[in-house]
Amino acid sequence: MKTVYIKALIILLGFSSCVKLDEVPQSFISPDQFYKTASDAISAVNSIYYPMIDNTTGAQPIYNRLLNTGMDYMTDDLDAGPGSPNAEVRALANLTHASTNLRVQQIWTQHYEGINRANVALERIPAIEMEVALKNRLLGEAAFLRAFYYFNLVRFYGAVPLLLTDQTKLSVPELQVPRTPADEVYAQIIKDLEASANYFSAGSSGEPGRATRGAAVALLSKVYLTRRDWTNAIKYAEVVINGPFGYDLFEDYSHVFLPAYKNGKEHIFSAQIKGSSISTGHLVTPTDIRAGVPGLKGSYGTQLTTYKNGNDNYYTLYKAYSEKDKRKRVSFVTSYISPANGQKYFTLNAPGDSVPYVNKSWDPNYPATGNSDANANILRFSEILLIHAEAENELNGPTAKAYASINRVRKRAGIDDLLPSLSKDQFRDAVYLERRLELIAEYHRYFDLIRETGTENTGVGPEGKGILLKCLNLVGKTNVKARHYLYPIPQGEIDRNPQLTQNPGWE
Amino acid sequence: MASLCPNSSNQKIENKMYKKINKLLYGTITLYTLLFLINSTIQAQNPATINSVLEGTVSDEATGLPLEGANIQIEGVTNQTTTNSKGQFILRTGQKFPYNILVTFVGYEKKIVLADGSPISVTLKPEESRLDDVVVVGYGTQKRKDFTGSLASVPAALKAQLTSSPERLLQGSVTGVQVTQANGQPGASVSIRIRGGTSINARNEPLYVIDGFPVYNSDKTVNAGISNGTSINPLALINPSDIESIDVLKDASATAIYGSRGANGVVLITTKNGSRGGYQVEYNGYYGVQTVSKTIDMLNARQWGELKNDALKDAGKSPLYTQAQLDSLGAGTDWQAAVFRKAPVQNHSISLTAGSERFRVLLSANYLSQDGIIINTGFKKYTWRLNADYNLSERFKVGTNISYGYTKATLAPVNIVYNTLAMVPVLPIRGADGGFTESSAFGSTISNPIATLTLQTNTTSTGRLLTNTYAEYNLLKDLTLKASFGTDIINNKQNYYLPSELYESAVGGRASVGSLSTINWINENTLTYKKTFRENDRLDIVVGNTQQKSATETFAANASNFVTDAYTYNNLGAASVFLSPASGKIDWALKSYLARVNYGFDNRYLLTLTARADGSSRFGKNKKWGTFPSAAFAWNINNEKFFENIHAINVLKLRLSAGTTGNQEIEPYRSLSRLSNYQYSFGNTVVNGLATSSFANADLTWEKTAQYNLGIDIELFSGRMQLTTDLYYKKTSDLLLEVPVPYSSSLVSAFQNLGMVRNQGLEINTKSINIDGEFQWSTNVLFSLNRNKILSLGENADYFFITDPGAPTLLPTQIIKVGESVGAFYMYQADGVDPETGLQKYKDQNNDGKISQDYDRIIAGSSQPKFLASLLNTFNYKGFDLSVFLNASYGNKVFNWTKANLELGTGYTGALATLLNRWTPSNTITDMHKAIENPSVTISDRFLEDASFLRIKNLTLGYSIPQAALSKIKLKNVRIYAQASNLFTWTRYTGYDPEVNTNEQNSLSTGIDRSAYPNAQSLAVGLNIKF
């Protein structure tokens, strides 16, 4: 009798299991299987660029609309248009946003995504056996990108955690680190950029659109300008201007923005955007287009800030361009021809329609869709000329060198040379205005507003610096306060990392 | 007794049939016949004798099938007989007519019938949920009175509701179960919580066991991810008319046998099989019409024109319309009237059941065609089923359940209802040239929903083959070995095409196709030992092992810019722009060992001990295995000696259980660090990047739920009143939690076992037969209450915000916070409209003089109801049956995004009629703010609405044609019925329907109404024929 039970149990357990519980993923790989070959190294570096133009969570990517809604709308140039009903965006545009604002958090998050990928590349690539010139190039790109992301972060938030190793291998408590003073962050940025330039010197060259030695040098110049180290700013700007890179202005200002000319001689570093084939094209494009034109897919999310100026109730920056300034017709459109019916819509100065629309990411290859392959410019040659003019003026006054650089930009725009014999302050104001006209909607204005030293004409900010308060008050953004010189540390990040402190005025 | 004489010849003919059918019974029947003939002769010869012979049949009242082995006994004496395989009996007795006979049969209600002559026809009613019932439990069946855990079954009257999928039948019909329909898209998925959600980041749906095959009902299992719209319900592939019973296991003792998958409850679905003896064909069909239960009041064209002018004026701009233009606008277009329609639904099921001594079979087919109440949407379903078992010998039995279902849904895109409401009423549907108005563009661009619905191709179709085959062998009299092998094969295909004419399309049109295929198999082997000692002591032991494996492959491709719209999605190669194709593979496996011991002592004390050990591939390599034990004790107090004299109480049973169950429902591979693909381009050339997208956690393991249950079952007055009540406490620890990590790590969260959630609640279920007899009235009342609370989220955080998957770029409306329930809403508190400015005011919670996100948002309610209740009344009179089913939910909130978007008063979109009462310089005392182009803060509790409701969920009136009339036309049963569902709803919710959940089965973001496809109300007439 008992043997039957035993036999039965043996039969039962004897159904030998062919099921294994080990997980062997087949549609992805894990990090320990990776970072072994040259192509692994290239992929690791490619992923560092990604947060500039795309995002897996559905959030807006940094150079693909996030800095548009999360930064440019906050300035005196641009505003949230009718197609931006999102309260989070409108709060930023009105400067009523809080430390919990999603854009504030997304800017933080996405920059650190890029930073950690750069950390991984800089940590892993040296150990990979591969061609040295390629290795150097890749390390140069990674070091440049880390510096580039930190440069944005330190300007937005001030002191930030300076993380230089792969965070995804750490435990949760190890991830909670305090903020590093801004000076140390800048020191690391400069160190990374110098290292990057050195790597590139011994590196091979990659596809157009990747970071290059020229980009590292140009960014160094800009970092030094921000640090008010005029000597170094001039030094590196001159390497870019006179150096071996072959940078020059396009003759035609419109080529700066047209996809057909992407990665041309004026483009030092751009966020590379391609419509259709990857999940996203240039997301700013449809938001720049006025809604309601048959056949055009405009959402009118972005508009120029309108304000009362003298007797003009609808003054915009558009009116600051002289009529012969070629940039006026390139940077803006005032009416649309419907691809569906050929009719013209929204002429300027029609009642209620007196706002022109930004036109810097329009792609003529997609006339009806609002899709676009246009890159987002990050560093371009004309800005380096203006950096050079500004730094030279600050260090030596409005010298011939300073005039030469700014006039080179003005000449291409089709406008007259700057009046000679300006004072240092007048020259500075002229450079800032030129930056605004040349670079509108290219994500520079907020940084300029918090950077500029006040003059008699522009007024002074807190602690004797800056024009942020005056300029925003001028356009009716009266909620602006001294605290807006820095973004708040995202409250969500403070919750996750109790080591962090809040910025002044945001507590 | 002369009337008996003509029967004698018939009897002889039938005797010949008996020989053919059943040789075993031959002798007995012949003997009876002989006795009967002799008896007749005697009677004829001697009329003074007081003997009587009663001849008759016993059949099932519901199915009309003959019952073999029913017992017929004259009341008060020992004379008795049993029915043969045709349900016939002959009873010889010394008693004289009239007398009472008692007819009994296992599983049926006993019946006392007055016999006043022969022949007699007796029908027995199957016992419904009585404590004597046999109930299906995991890996076996048990008598309900011996069951120690908490189990509830769907009552028969509610099983007959007309529905497209079986789990919808659980709504309101079982205590402790909350059923939420995502929306009214025909075939849409359903989300179910049994005793509250145990988890935060893992899934909270119960485990379904369909004829022994465990199926986790994730709507992702049939979604290739291409079509645009709500997910389709995977269980729609089961034909509700095939279902014999739906039982819900709730406490740890009942669910622990499913171990790692038991924490959210188990729903056991058992399908029908043939009866032994005879055959039956059944047809069940209905035709109905569905309509939208309400429409939303919107501003008409003229009213909207005024709003637009006001908003422009407020912004200092010139008005769009002159007074003359306004006057000519009129009512404009009613977009809702154009989108909603009366939609027919029809369903036809036919089944054949047959059986003999050794063989039983069911064959069925079902066709359902349900049009949606939104134009050009709908759902079609075809199912087939074969259930069979065969006794090869006394000891060896084999059986199988095979079902195949095919569904095809034409979907409404997710934003279609919002677009319908947001279209500005001044626009026509079609322009003067007959073409569609492309879009509404008065600030915000909205594509024309009629154009979308008319021109799109947007389908998802799924075939699912579910099989389970077993062999059972009695090794010894008490010892049975059973082995089963089952497969679940799913193929989903989705097609999507937007012709170029549509605003949301691309140049030259946009086409996508996607497919998903899954092969899932399971093998289960059990050994059951059942023994009865000393008459009333029962021992029942089950041990077994199971193994299950699933492999899913997906594929998707997208292309745009075709020369013609003619190809739709059928020729992707003809496009000129190709988007990256995608493919993937996901495997998982589960291995388990299980054991259960039931011991019943003297029908008084019942003990159940259960344990299951599960190994799951989904967990970290260090902690794949978990063990889930439970114990339960029940006391049948009514069987105690001291209870003998209490006749009013038939059953008094106390149940106690405690145990641990688990939850493994996370995506596979979550314990591994993963490199994800991140594409970039250089000069328009796409390159691939790889970077880490998740932390590794080799210790990731089960989420464990400890549950304690106290239950009481009471039956009074011979079962006329029944009460079942359960009190439970569930604590889930080691939550599978996406622990928020600093964003500076480059990742958002680390998956860890951390935190605790508690659910506690009360369930009361009463049934009563208020009036018995020719007119019968019975009532079921169900009440469930659950309180969900987050006890801990680990050391790092005590709250985090939930990203609404439908709106990742908007400020979250919900929060996960210690001390609150999952589904807590977090937002500003609206504080009226400022009579001075006409602006919406918000409450300054910290009194710092300004409204800020950081300090002025509060917990404003929860999506979880305070209680659920339902009431079922059934009436029977002669052939008529009437059932009225009401169900209610109380205290749950829904965030009405539709209102939040359409009450802005910007003049950019269509607007709600509530804006008629907006602030104007002449109407300053109002709760509706002014028309304004730039309202800054908008997400407030103004749009968080009480979604409590009471509704007449179902009302059915049926009539069964009397048996006498049917026998002439050789039919067993004909019932005609009319059924109304969602007939009326009482609610303060201002959206279409308070039963809504745009985020479907998402565990975190619940109670969101982002313009969901509204639920329909329907009227149907049906016919049920058996022959």
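Below, chains carry the letters A, B, ... as their sequence lines are ordered, and counting in each starts from 1.
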Residue A:Leu170 versus chain B: region with a heavy atom under 4.5 Å: backbone
Pairs of heavy atoms under 4.5 Å with chain A: top-ranked of B:Ser440, B:Ser617, B:Ala589: B:Ser617
Worked check of side-chain contact (heavy atoms from CB on, under 4.5 Å) between A:Tyr112 and B:Tyr743: CA-CA 7 Å; A:Tyr112 272 112; B:Tyr743 295 117; 5.8 Å; no
Whether B:Tyr680 side chain and A:Gln272 backbone form a donor-acceptor pair below 3.5 Å: yes
Minimum heavy-atom distance B:Tyr503-A:Leu296, with the two atoms named: CE1-O, 4.0 Å
Under the side chain to side chain donor-acceptor pair (under 3.5 Å) test, residues paired with B:Ser744 that sit two or more places apart: A:Glu493
Nearest atoms (heavy-atom pairs only) where A:Ser299 meets B:Thr445: CA-OG1, 4.0 Å
Evaluation steps, side-chain contact (heavy atoms from CB on, under 4.5 Å), between B:Ser746 and A:Gln167: CA-CA 7 Å; B:Ser746 80; A:Gln167 302 293 297; 5.7 Å; no
Donor-acceptor contact present, side-chain A:Thr168 to main-chain B:Ser694, <3.5 Å: no
Backbone of B:Val748 reached by a side-chain donor or acceptor of A:Arg496 within 3.5 Å: yes
Interface moiety of A:Arg117 toward chain B, non-hydrogen atoms closer than 4.5 Å: side chain
Selection from A:Val172, A:Asn263, A:Ile494 maximising heavy-atom pairs under 4.5 Å formed with chain B: A:Val172
B:Lys624 side chain to A:Leu21 backbone, donor-acceptor under 3.5 Å: yes
Minimum heavy-atom distance A:Ser30-B:Ser673, with the two atoms named: CB-O, 3.0 Å
Side chain / backbone / both / neither for A:Asp495 at chain B, heavy atoms under 4.5 Å: both
Test item: A:Asn46 side-chain N/O and B:Val687 main-chain N/O as donor-acceptor pair under 3.5 Å: no
Under 4.5 Å from any heavy atom of chain A - which part of B:Gln752: side chain
A:Phe28 to B:Leu675 - nearest heavy-atom pair and separation: CB-O, 3.9 Å
ring-ring contact (aromatic ring centres under 6.0 Å, His included) involving A:Tyr35 - partner list, sequence neighbours excluded: none
Contacting region of A:Ser84 [heavy-atom separation from chain B under 4.5 Å]: neither
Ring centers of A:Tyr49, B:Phe682 separated by less than 6.0 Å: yes
Minimum-distance pair of heavy atoms, taken over all atoms of B:Pro742 and A:Asn497: CG-CB, 3.9 Å
Contacting region of A:Leu175 [heavy-atom separation from chain B under 4.5 Å]: both
Under 4.5 Å from a heavy atom of chain B, the part of A:Glu507 involved: backbone
